[in-house]
There are 2 protein chains.
Amino acid sequence: MAIASIKEVAQLASVSVGTVSNVLNRPDMVAPATRERVLNAMNELGFVRNESARALRSGRTRTMGLVVLDVTNPFFTDVAKGVEAAADASGMIITLCNSDQDGPRERRYLDYLEEQRVQGILITPVAGETQRLEQLIDRGTPVVLLDHRATRRNRCSAAVDDVLGGRIAVEHLLDQGHRRLAFVGGPMTISQVAERHKGAEEAVAEAGGEATLELVEVPSPSFASGRHAADRFAALPAGERPTALFCANDLLALGLMQGLQALGLRIPGDVALIGYDDIAYAAGAAVPLSSVRQPREELGRVAAELLLEEIDEGERHRHRQVLFEPELVIRESSVRS
Amino acid sequence: MAIASIKEVAQLASVSVGTVSNVLNRPDMVAPATRERVLNAMNELGFVRNESARALRSGRTRTMGLVVLDVTNPFFTDVAKGVEAAADASGMIITLCNSDQDGPRERRYLDYLEEQRVQGILITPVAGETQRLEQLIDRGTPVVLLDHRATRRNRCSAAVDDVLGGRIAVEHLLDQGHRRLAFVGGPMTISQVAERHKGAEEAVAEAGGEATLELVEVPSPSFASGRHAADRFAALPAGERPTALFCANDLLALGLMQGLQALGLRIPGDVALIGYDDIAYAAGAAVPLSSVRQPREELGRVAAELLLEEIDEGERHRHRQVLFEPELVIRESSVRS
DNA sequence: GCAGGGGAATGAAACGTTTCAGCCGCCTGG
DNA sequence: CCAGGCGGCTGAAACGTTTCATTCCCCTGC
């Protein structure tokens with residue numbers, strides 16, 4: 001059952017192991033006839049390279065780690081697609097890890113990735129888990145932040161301007177005449193959530209006067225949390241309800257929409273709704289959902305390219321922080337009829 | 001920048017490398033005082049185990065591969081979650097690969113996984129790519145089919161009865177009084193698609209009489225294909241249009257719904273619609289989508305457990321084929337008003 | 001007082017590659 | 001005819017672990 005090794009191939013082809021290795025890694029350094037012989041031996045024995053031995057000896061692997069907050073969120077799978085495309089183009093392989101917004105889980109994955117000696121790591125970190133990353137960098141594993149701005153200058157990042165995104169979402173709601181607004185999102189420790197909220201606050205502040213922004217904090221930016229939030233909203237006396245809700249992401253917004261409709265509230269009539277990410281399902285929702293679009297695949301692609309660059313350049317690499325601009329997508333859910 | 005090895009740790013702690021290895025793998029075989037000393041040395045040096053060396057020497061890794069057809073399909077991410085949960089419980093790590101329904105791509109990933117000497121592979125194979133799997137099994141890598149029935153008895157599988165699923169979907173449409181039906185899906189080489197279609201045909205045949213089932217083949221069971229299919233549908237003279245559409249999956253159904261509505265057709269008034277998978281977004285669609293629910297997470301969990309079992313039992317393992325039953329979920333999109 | 005046992009640690013082999021210095025023959029140019 | 005060069009190959013070291021036979025001591029029981 002054991003797979004043939006280079007040594008057995010060498011024996012069968014009557015060459016040295018060095019030659020077999022050369023056939024594998026620098027085929028043109030070996031004479032065509034010999035190469036042929038070796039190749040045949042490989043086929044006959046069903047030879048499969050042992051990546052562990054290769055990595056051990058050469059000191060380099062061909063894998064990069066990607067750690068996301070939630071694999072079931074289409075935002076992240078789209079980003080992952082972009083990452084994969086870029087990696088693929090450079091012959092790299094991605095190990096996709098799902099931290100599920102859990103610190104210990106994230107740490108376990110990072111441990112694993114470091115033990116694997118991955119060439120680099122792309123990560124949307126769980127709130128506050130920055131120390132472990134610092135450690136990775138110190139020990140020589142390049143880390144690129146994904147959908148998260150690098151505050152220190154010692155790493156690369158690819159992100160979208162969430163403050164701006166929050167701002168344009170709320171400006172749009174204000175334009176529609178809403179004055180009593182709420183931001184639905186959480187936990188506020190997630191930087192994306194906090195920044196979107198900040199942008200929202202800024203927009204409200206600048207609008208001056210009577211506009212207000214309430215904060216409806218939810219335990220996680222998920223579909224289920226959205227449904228729960230609907231109950232809390234409906235429990236408010238009609239007079240105290242905000243007239244427009246800005247959700248930290250589309251999952252939340254879609255869950256909220258479903259909950260609100262189940263309770264008999266109309267969108268946008270009773271309450272306007274806008275989400276964030278513009279995932280594919282936003283446009284096809286019961287009421288087409290307005291949202292703030294992020295360049296998801298591009299975000300992933302650029303992040304991966306930054307990492308590949310860093311891996312390639314080594315010591316002389318200059319860290320870069322790439323920031324994309326989000327784009328407002330207006331649909332029915334936020335438009336006054 | 002190079003990470004400290006076991007040797008340096010041994011030196012600093014004034015013990016042999018064997019002892020350091022024991023601290024790592026059989027801590028209770030080493031005296032507490034020594035253990036402490038070694039642990040301190042590890043901390044001081046920032047020691048990180050080298051998984052390649054470990055795997056090379058011990059001959060076993062702690063990773064399993066998961067190959068899916070489309071990471072952006074929520075069905076698969078839900079399945080992946082189940083797989084991960086089971087793997088996690090056994091201290092295993094999952095490498096998630098996305099074949100994107102592309103044969104060569106799938107083969108590249110399988111090569112990679114075999115070179116990594118993963119302990120086993122969970123896969124929803126691309127149509128017809130069975131030869132490579134046979135090879136993997138022959139060489140000793142256990143393979144469990146996921147969402148795909150094993151026809152040969154030489155492997156385990158966890159799947160849902162797609163023929164039955166197709167049948168109940170269509171029986172429901174017939175119940176609603178529809179007689180002119182169409183199955184929207186493709187490519188028919190995907191076994192899930194073919195089986196759902198088969199179930200649909202059976203139901204129509206048994207209904208006897210005037211009921212008909214047209215086949216609308218699309219290039220892939222995706223959102224985009226659904227949108228395109230809508231145009232084709234609308235291009236038919238009104239008299240020749242089916243009155244009910246059964247889609248091979250929800251992505252397709254949601255895309256189709258969006259396309260049909262954009263063309264001014266009403267659901268279910270002008271045409272009834274039913275999907276497959278019951279992904280989270282089905283219930284929140286413009287018109288809540290009827291669907292055939294599969295136990296997604298459980299499917300993943302059970303598949304992973306089968307694989308773990310096989311890894312554990314080795315030679316004396318008996319292959320098992322687990323088959324789940326799908327469940328009809330009726331919502332507005334298929335109900336005659 | 002001694003044989004025997006057992007807990008704790010050692011040292012070296014082995015895993016399957018890559019890498020590199022060196023060797024061998026043959027060809028070329030002077 | 002010979003020096004030099006070069007293409008093609010060999011052989012062995014090295015990568016960082018795990019594993020196992022072996023050694024070393026100290027303790028126990030007779």
Side-chain angles (χ1 to χ4, degrees), chain A residues 1-39 41-42 45-63 111-112 114-119 139-140, chain B residues 1-39 41-42 45-63 111-112 114-119 139-140:
Chain A
M1 204 80 346
I3 293 180
S5 76
I6 233 183
K7 204 187 292 185
E8 306 172 55
V9 172
Q11 200 159 12
L12 181 58
S14 321
V15 295
S16 70
V17 293
T19 301
V20 177
S21 178
N22 279 336
V23 169
L24 248 20
N25 302 304
R26 321 196 218 8
D28 30 57
M29 285 207 57
V30 11
T34 322
R35 198 194 310 149
E36 208 54 37
R37 209 147 29 91
V38 171
L39 255 16
M42 284 183 178
L45 295 175
F47 171 77
V48 179
R49 235 196 194 132
N50 185 322
E51 179 74 16
S52 296
R54 180 180 169 66
L56 173 59
R57 168 62 231 217
S58 72
R60 81 178 82 263
T61 57
R62 48 203 177 104
T63 101
D111 288 351
Y112 173 75
E114 197 180 14
E115 289 177 8
Q116 294 271 352
R117 302 289 192 271
V118 293
Q119 292 297 97
R139 291 194 198 128
Chain B
M1 205 79 344
I3 292 180
S5 77
I6 233 183
K7 205 188 294 184
E8 305 171 57
V9 172
Q11 200 159 13
L12 181 57
S14 322
V15 296
S16 70
V17 293
T19 301
V20 177
S21 178
N22 279 335
V23 169
L24 248 19
N25 302 306
R26 320 198 217 8
D28 30 55
M29 285 208 56
V30 11
T34 323
R35 197 193 311 147
E36 207 54 36
R37 209 147 28 92
V38 171
L39 256 16
M42 283 182 177
L45 295 175
F47 171 78
V48 178
R49 239 197 191 128
N50 186 322
E51 179 76 16
S52 296
R54 180 180 170 65
L56 173 59
R57 169 61 229 216
S58 72
R60 81 179 82 263
T61 57
R62 48 203 177 103
T63 102
D111 288 350
Y112 174 75
E114 197 179 14
E115 288 177 9
Q116 293 270 353
R117 302 291 191 271
V118 293
Q119 292 298 97
R139 290 192 198 130

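Below, read A as the first sequence line, B as the second, and so on, with proteins coming before strands; counting in each chain starts at 1. Scope of the values below: all heavy atoms of this structure, side chains included, with no hydrogens, waters or symmetry mates. Please read all numbers here as calculations on a predicted model, not as lab measurements.
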TODO: Please examine the side chains of B:I6 and B:L24, heavy atoms only from C-beta on, and report whether any two atoms are closer than 4.5 Å.
DONE: yes
Open item on the list: Side chain of A:A31, heavy atoms from C-beta onward: which of D:dT18, D:dT10, D:dG8 has the nearest atom to it?
Closed with: D:dG8
- [ ] Nearest whole angstrom, please: distance from the P of D:dT17 to the CG of B:L24.
- [x] 8 Å
Open item on the list: Less than 4.0 angstrom between a side-chain N/O of A:T34 and OP1 or OP2 of D:dC9, yes or no?
Closed with: yes
Open item on the list: If I take atom NZ in residue B:K7 and atom C1' in nucleotide C:dT10, what distance separates them, rounded to the nearest angstrom?
Closed with: 15 Å
Task: Presence of B:N50 side-chain N/O under 4.0 Å of D:dT17 phosphate oxygens OP1/OP2 - done: no
Open item on the list: So B:S21, base contact, sugar-phosphate only, or nothing? Heavy-atom distance under 4.0 Å.
Closed with: base
Task: A:S16 vs D:dT10: side-chain N/O to OP1/OP2 distance below 4.0 Å - done: yes
- [ ] Rounded to the nearest angstrom, tell me the gap between atom CE in B:M29 and atom P in D:dA21.
- [x] 13 Å
Open item on the list: Measure CZ/A:R117 against C1'/C:dT18 and give the value in whole Å, please.
Closed with: 18 Å
Open item on the list: Among C:dA12, C:dT18, C:dG16, which nucleotide has an atom closest to any side-chain atom of B:L56?
Closed with: C:dG16
Task: Distance test, side-chain N/O of A:T19 to OP1/OP2 of D:dT10, below 4.0 Å - done: yes
Task: Candidates D:dT18, D:dT10, C:dT18 - which lies nearest the side chain of B:R49 - done: D:dT18
Open item on the list: If I take atom CG in residue B:N22 and atom P in nucleotide D:dT18, what distance separates them, rounded to the nearest angstrom?
Closed with: 9 Å
- [ ] State which of D:dG16, C:dT18, C:dT10 makes the closest approach to the side chain of B:A53.
- [x] D:dG16
Open item on the list: Let me spell it out: for each of A:G18 and A:P32, pick the nucleotide of DNA chain D with the closest heavy atom. Which residue's pick is nearer the 5' end?
Closed with: A:P32
Task: Gap between atoms CD1 and C1', on A:I3 and C:dT17 respectively (whole Å) - done: 14 Å
Open item on the list: For A:A10 versus A:V17, what's the shortest heavy-atom pair and its separation?
Closed with: CB-N, 3.8 Å
TODO: Evaluate whether atom CD of B:Q11 has more than 12 neighbouring non-hydrogen atoms of other residues, nucleotides or ligands under 6.0 angstrom away.
DONE: no
Task: Atom of A:R139, atom of B:V48 and distance for their closest heavy-atom approach - done: NH1-CG2, 3.3 Å
Task: Whole angstrom value for the distance that separates C1' of C:dC20 from CZ of A:R26 - done: 9 Å
Open item on the list: Please check: side-chain N/O of A:Q119 versus main-chain N/O of A:R62, any donor-acceptor pairing under 3.5 Å?
Closed with: no
- [ ] Check whether any side-chain N or O of A:R57 sits under 4.0 Å from OP1 or OP2 of D:dA14, and answer yes or no.
- [x] no
- [ ] Among the candidates C:dT18, C:dA9, D:dT18, find the nucleotide nearest to the side-chain atoms of B:R54.
- [x] D:dT18
- [ ] Using atom CG of B:D28 as one end and atom P of C:dA8 as the other, report the distance to the nearest whole Å.
- [x] 10 Å
